[in-house]
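Notes follow the structure.
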Amino acid sequence: MIITHIGGPTALIELNGWRLLTDPTFDPPGQRYDFGWGASSVKLAGPAVSVDDLPPIDAILLTHDHHGDNLDAAGRAMLSRSPIVLTTRRGARRLGLRSARGLAAGEVTRLAAPGKPELAVTATPARHGPPLSRPIVGDVIGFAVHRPGERTVLLWVTGDTVLYRGLRRAAIQMDVDVMLVHAGGVRFPVSGPVRYTMTGRAAVDLVAVVRPRVAVPVHYEGWSHFADGRSAVERALAAAPDDVRRRVCWLPIGTPQTV
């Protein structure tokens with residue numbers, strides 16, 4: 001598997017002849033994005049790879065469509081370049097694209113294309129905030145990519161989520177090869193100490209539960225609403241067992257890496 005971390009939640013994954021793109025964000029830095037209910041964030045860093053430099057994309061894994069740090073204007077404009085866009089059920093309706101497939105947690109869809117081995121994608125649970133926040137923050141899913149009929153998950157994208165019982169329960173049931181873990185500990189002044197994604201400690205705790213061959217942190221930098229950047233994950237790793245520390249792999253932004 002080759003992964004190019006483009007920035008934020010956006011990564012190009014080359015897997016078994018497939019090119020998968022996660023949460024397209026390609027706007028330049030400097031713009032402020034409104035997340036509703038008085039919450040907003042400024043984009044601090046642009047993408048390391050431009051839309052024009054992307055290879056042809058086979059499928060886009062869009063964890064949710066309604067936050068600008070997971071789908072910005074330039075990312076939304078390039079959705080039509082992919083023959084398949086997987087996202088939440090409500091997101092698929094909002095996008096209004098023939099290529100969009102809406103999934104709820106636990107649902108499975110197949111990816112098939114000439115000359116490529118078939119893949120199955122299972123939507124995994126995610127909660128983008130504290131208990132009872134879903135009506136405010138909206139629906140989010142993750143993606144477990146695997147071969148049809150096989151238990152091993154080739155790639156798990158957690159999506160923007162906190163660490164909660166439903167996520168732990170799903171994680172325990174998966175045998176994961178490569179995991180893209182969304183960290184960053186998102187926090188907004190308007191809601192005080194409330195977190196909307198995993199802190200560094202929570203991300204490391206999830207890695208300890210899953211024990212993937214490789215865990216790649218993403219979505220921890222490039223935006224003003226991240227309260228826990230790379231240093232927070234590294235502090236949590238410093239206190240973790242060796243078996244957990246050795247599984248975490250930091251990818252250089254913009255450079256393809258074989259994992």
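Since we're looking at a predicted model, the values are computed, not measured. Side chains are part of it too, since the values below use all heavy atoms of this structure and drop only hydrogens, waters and symmetry mates.
- In the hydrophobic cluster analysis, where Ile, Leu, Val, Met, Phe, Trp and Tyr join through side-chain heavy atoms closer than 4.5 angstrom, Val162 is grouped apart from Val190.
- With respect to the salt-bridge test (charged N to carboxylate O, under 4.0 angstrom), the residues Asp228 and Arg195 qualify.
- Checked options Asp72, Asp69, Thr25; the residue passing with Lys43 is Asp72 (criterion: side-chain hydrogen bond (donor to acceptor under 3.5 Å, both in side chains)).
- Relative orientation of the Phe35 and His67 rings is tilted, given thresholds of 30° and 60° on the angle between their planes.
- Taken from CG in Asn70 to OG1 in Thr10, the straight-line distance is 8.0 Å, to the nearest 0.5 Å.
- Atom-to-atom distance recorded for Arg169:CZ and Met174:CE is 12.5 Å, nearest 0.5 angstrom.
- Under a cut-off of 6.0 angstrom, the local environment of CZ in Arg201 is sparse, with at most 12 non-hydrogen atoms contributed by other residues, nucleotides or ligands.
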Report the C-alpha distance between His146 and Thr122 in whole Å, list the side-chain angles of each, state the deciding distance to 0.1 Å, and finish with yes or no for side chain to side chain donor-acceptor pair (under 3.5 Å). CA-CA 8 Å; His146 51 100; Thr122 300; 2.9 Å; yes
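- When only modelled atom types and interatomic distance are considered, Ser40 and Arg32 share a side-chain donor-acceptor pair under 3.5 Å.
- For the atom pair CG (Asp139) and OG1 (Thr88), the distance works out to 5.5 Å, reported to the nearest 0.5 Å.
- If you take CD1 on Ile60 and CG on Leu20, they are separated by 10.0 Å, rounding to the nearest 0.5 Å.
- Around atom CZ of Arg81, more than 12 heavy atoms belonging to other residues, nucleotides or ligands sit under 6.0 Å away.
- Among Phe188, Tyr220, Tyr196, the one residue that satisfies the ring pair (Phe, Tyr, Trp, His ring centres under 6.0 Å) test with His225 is Phe188.
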Pair Thr109-Arg101, side chain to side chain donor-acceptor pair (under 3.5 Å): steps then yes or no: CA-CA 8 Å; Thr109 190; Arg101 302 182 193 175; 2.8 Å; yes
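- Within the model, atoms CG of Asp23 and CZ of Phe143 stand 7.5 Å from one another, a figure rounded to the nearest 0.5 Å.
- Residue Phe26 holds its CZ atom at 5.0 Å from CG of Leu21, rounded to the nearest 0.5 Å.
- Not one N or O on the side chain of Asp160 forms a donor-acceptor pair closer than 3.5 Å with the backbone of His128.
- For CH2 of Trp37, the number of neighbouring non-hydrogen atoms (other residues, nucleotides, ligands) closer than 6.0 Å is 12 at most.
- Note on Leu251 and Val145: same hydrophobic cluster, where clusters join Ile, Leu, Val, Met, Phe, Trp and Tyr whose side-chain heavy atoms are under 4.5 Å apart, directly or indirectly.
- With hydrophobic clusters built from ILVMFWY side chains whose heavy atoms lie under 4.5 angstrom apart, Ile2 does not share a cluster with Met179.
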